[in-house]
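Report on one structure; see the data block that follows.
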Amino acid sequence: MSDGGRGPYFTLLIVAGGLIEGFGLAYSGMARPEVVLDFLQLEDFGLLLVMGVASITAGLTFWGATTFGDRAPLTGKSYTRRVKSMDRNVAVGGVVFGVGWGLSGICPGAGYASIGVGNYQILWAMAGMFVGAYAQGYWRALRAPGDAGSVTAD
Amino acid sequence: MTALAQLAFAPELFPNGVAQYLIGGFFVGFGISVIYLGTGIIAGNSTFLETSLSYVSKLPRFNIPRFVESRDWRVLFTASIILGAVAYKAIFDPSIFVTEVQWWRLLGGGVLVGIGTRIGKGCTAGHGVCGVGSVSRTSLVNVALFVGTAIVVALGVAAMGVTP
């Protein structure tokens with residue numbers, strides 16, 4: 001496990017951020033597919049609060065850093081907002097993700113947290129996610145040989 | 001914010017109360033903020049799936065420099081998310097949770113989540129939290145599509161009598 005030469009504080013911060021996020025995902029109930037499906041079946045709107053509060057918290061941080069900040073201390077990277085380019089893939093991907101989310105009640109971050117609450121059944125979904133991620137990479141390679149893909153994603 | 005407050009005071013919409021959702025949501029945003037303030041990195045969750053494939057696949061798509069460069073810390077980030085959930089369980093609810101959602105729903109849904117989040121440039125954390133927090137039009141479009149589609153699919157599956 002290399003830290004890319006960024007030093008131990010970088011590693012510590014990644015761990016701290018992951019611990020806090022995972023704690024929050026478990027606390028909010030999002031690690032339980034049932035709670036997500038309750039929202040998607042319009043029985044409990046809690047997920048809207050989770051996403052709303054999380055995006056306001058992150059948004060205020062982004063706004064504060066880009067307004068008053070300069071560069072991140074541990075990497076020297078400029079503070080930016082998360083703005084991805086719009087194209088057809090964004091729309092197609094959103095719909096395909098939506099079908100999968102509606103079917104399973106699980107998304108990547110909540111899936112990782114679900115492992116942490118002991119939900120070994122979720123390994124079916126994790127295996128599926130890796131298969132899906134591989135399939136789209138394989139498909140992109142077939143479609144545009146030699147083009148590694150220039151799009152960015154989180 | 002006002003709309004959010006009104007939602008929070010409509011008990012029929014929240015049969016299980018609102019506290020766990022508000023507190024949990026804050027921690028999700030706070031974890032992302034901690035990493036961002038220190039590193040400038042906006043850490044989404046689905047990129048782990050694709051960057052990790054560079055350990056085992058030679059396909060060029062998985063071995064672009066941006067992926068290979070970030071794959072190690074993404075593994076660490078994901079492991080920390082798992083441990084964060086373990087910590088929650090240990091502190092507040094020391095029991096094992098196992099979902100009753102059927103395996104074929106998890107597997108099939110997982111495949112589509114893997115394809116869709118990677119083609120669509122992000123997931124509920126990347127687009128849904130960070131992108132919406134950035135008031136990014138691209139993310140707002142993506143979120144509207146995946147939430148709307150998921151509601152239709154979940155209602156449809158329930159209507160066909162599949163539970164859970």
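Sequence lines set the chain letters: A, B, ... in the order given, protein chains first and strands last, and positions in each chain run from 1.
- The shortest heavy-atom contact between Val101(B) and Pro33(A) is CG2-CB, 4.0 Å.
- Contact detail for Ala58(A) and Ser33(B): the closest heavy-atom pair is CA-OG, 3.8 Å.
- With respect to chain B, the highest number of heavy-atom pairs below 4.5 Å among Leu25(A), Val131(A), Val99(A), Ile115(A) belongs to Val99(A).
- Each of Leu19(A), Ile20(A), Thr57(A) was compared with Phe27(B) under the side-chain contact (heavy atoms from CB on, under 4.5 Å) criterion, and only Ile20(A) meets it.
- By number of non-hydrogen pairs under 4.5 angstrom with chain A, the leading residue of Val135(B), Leu106(B), Val143(B), Val141(B) is Leu106(B).
- In terms of heavy-atom pairs under 4.5 Å with chain A, the best-connected choice from Val34(B), Thr78(B), Val113(B), Ile96(B) is Val113(B).
- Between chain B and the residues Ala16(A), Ser104(A), Gly118(A), the largest count of heavy-atom pairs under 4.5 Å involves Ser104(A).
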- Item | Audit row: Ser134(B), Trp63(A), side chain to side chain contact (heavy atoms under 4.5 Å, CB included) steps and yes/no | CA-CA 8 Å; Ser134(B) 297; Trp63(A) 178 79; over 6 Å; no
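- For chain A, the nearby part of Phe92(B) is the side chain; its heavy atoms alone come within less than 4.5 Å.
- Here Glu43(A) contributes atom CD and Leu13(B) contributes atom CG; the two are 12.5 Å apart, rounded to the nearest 0.5 Å.
- Chain A forms more heavy-atom pairs under 4.5 Å with one residue of Val132(B), Thr124(B), Ile81(B), Leu112(B) than with any other, namely Ile81(B).
- Atom CD of Glu50(B) and atom CE of Met129(A) lie 14.0 Å apart (nearest 0.5 Å).
- Under the 4.5 Å side-chain criterion, counting only non-hydrogen atoms from C-beta, Glu21(A) is not in contact with Ser80(B).
- At a 4.5 Å heavy-atom cutoff, Val36(A) makes no contact with chain B through either its backbone or its side chain.
- Contact of the Tyr134(A) side chain with the Ser57(B) side chain is registered, since non-hydrogen atoms from C-beta on lie closer than 4.5 Å.
- Atom CG of Leu49(A) is separated from atom CD of Gln20(B) by 9.0 Å, given to the nearest 0.5 angstrom.
- Counting only heavy atoms from C-beta outward, the side chains of Ile119(B) and Arg140(A) approach each other to under 4.5 Å.
- Linking ILVMFWY residues whenever their side-chain heavy atoms come closer than 4.5 Å, directly or via other members, leaves Val117(A) and Ile91(B) in distinct clusters.
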- Message: Does Tyr21(B) form a ring-ring contact (aromatic ring centres under 6.0 Å, His included) with Phe45(A)? I'd like the steps, not just the answer.
- Response: CA-CA 9 Å; Tyr21(B) 301 127; Phe45(A) 286 77; over 10 Å; no
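- Here the shortest heavy-atom pairing between Arg81(A) and Ser136(B) reads NH2-N, 4.4 Å.
- Distance OG/Ser139(B) to NZ/Lys84(A): 8.0 Å, rounded to 0.5 Å.
- Residues Leu155(B) and Leu40(A) form no side-chain contact, since every pair of their non-hydrogen atoms from C-beta on lies 4.5 Å or further apart.
- Closest approach of Leu53(B) and Phe130(A) over heavy atoms only: CD1-O, 4.2 Å.
- The parts of Thr39(B) that come within reach of chain A are both its backbone and its side chain, each placing non-hydrogen atoms under 4.5 angstrom from that chain.
- The line from OG1 of Thr61(A) to CD1 of Ile42(B) is 10.5 Å long, rounded to the nearest 0.5 Å.
- With respect to chain B, the highest number of heavy-atom pairs below 4.5 Å among Met126(A), Arg32(A), Met30(A) belongs to Arg32(A).
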- Query: Which is it for Thr11(A) and Trp73(B) under the side chain to side chain contact (heavy atoms under 4.5 Å, CB included) test, yes or no, and what are the steps along the way?
  - Reply: CA-CA 7 Å; Thr11(A) 303; Trp73(B) 72 253; over 6 Å; no
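- In this pair, Tyr36(B) and Tyr79(A) present their aromatic rings tilted. The plane angle is within the 30 to 60° band.
- Comparing Val90(A), Thr75(A), Leu47(A) by heavy-atom pairs within less than 4.5 Å of chain B, the highest count is held by Val90(A).
- Of the atoms belonging to Leu59(B), it is side-chain heavy atoms, and not backbone ones, that fall under 4.5 Å from chain A.
- Of the atoms belonging to Thr99(B), heavy atoms from both backbone and side chain fall under 4.5 Å from chain A.
- Heavy-atom pairs under 4.5 Å with chain B peak, among Gly94(A), Gly59(A), Gly76(A), at Gly94(A).
- For Asp38(A), there are no side chain to side chain donor-acceptor pair (under 3.5 Å) partners at least two apart in sequence or on another chain.
- Between Gly128(B) and Ser55(A), the shortest heavy-atom distance links the atoms O-CB, 4.0 Å.
- Within a 6.0 Å radius of CZ in Phe97(B), more than 12 heavy atoms belonging to other residues, nucleotides or ligands are found.
- Counting only heavy atoms from C-beta outward, the side chains of Gln102(B) and Trp124(A) never approach each other to under 4.5 Å.
- Judged by distance alone, the side chain of Arg105(B) and the main-chain N or O of Leu103(A) form a donor-acceptor pair under 3.5 Å.
- Under the 4.5 Å side-chain heavy-atom criterion for grouping Ile, Leu, Val, Met, Phe, Trp and Tyr, Tyr112(A) is not connected to Val98(B) through any hydrophobic cluster.
- Interatomic distance, CD1 of Ile41(B) versus CG of Leu74(A), reported as 9.5 Å (0.5 Å rounding).
- In summary, the side chains of Glu100(B) and Gln121(A) do not present any donor paired with an acceptor at a separation below 3.5 Å, with no hydrogens or angles considered.
- Chain B forms more heavy-atom pairs under 4.5 Å with one residue of Asn119(A), Val95(A), Val35(A), Ile122(A) than with any other, namely Asn119(A).
- Heavy-atom distances place both the backbone and the side chain of Leu83(B) under 4.5 Å from chain A.
- Looking at Leu49(B) and Pro108(A), their side chains come closer than 4.5 Å, going by heavy atoms from C-beta outward.
- For a residue to count as touching a neighbouring chain, one of its non-hydrogen atoms must lie under 4.5 Å from one of that chain's; by this rule Val147(B) touches chain A with backbone and side chain alike.
- Ring geometry, Phe146(B) versus Phe97(A): the interplanar angle falls from 30° to 60°, so the pair is classed tilted.
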- Item | Full working for side chain to side chain contact (heavy atoms under 4.5 Å, CB included) between Ser85(A) and Lys121(B) | CA-CA 9 Å; Ser85(A) 60; Lys121(B) 310 181 188 182; 3.0 Å; yes
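- In terms of heavy-atom pairs under 4.5 Å with chain A, the best-connected choice from Val153(B), Thr138(B), Asn142(B) is Thr138(B).
- Contact check for Phe26(B) versus Tyr27(A): no side-chain heavy atoms found under the 4.5 Å cut-off.
- For the residue pair Gly116(A) and Val86(B), the shortest heavy atom distance occurs at O-CG2, 3.3 Å.
- For the set Gly156(B), Ala125(B), Gly131(B), the entry with the most heavy-atom pairs within less than 4.5 Å of chain A is Gly131(B).
- With a 4.5 angstrom heavy-atom cutoff, Ser52(B) touches chain A only via side-chain atoms.
- Ranking Gly29(B), Gly31(B), Gly133(B), Ala85(B) against chain A, the residue ahead of the rest is Ala85(B), based on heavy-atom pairs under 4.5 Å.
- The contact between Tyr138(A) and chain B is made by backbone and side chain atoms together, counting heavy-atom distances below 4.5 Å.
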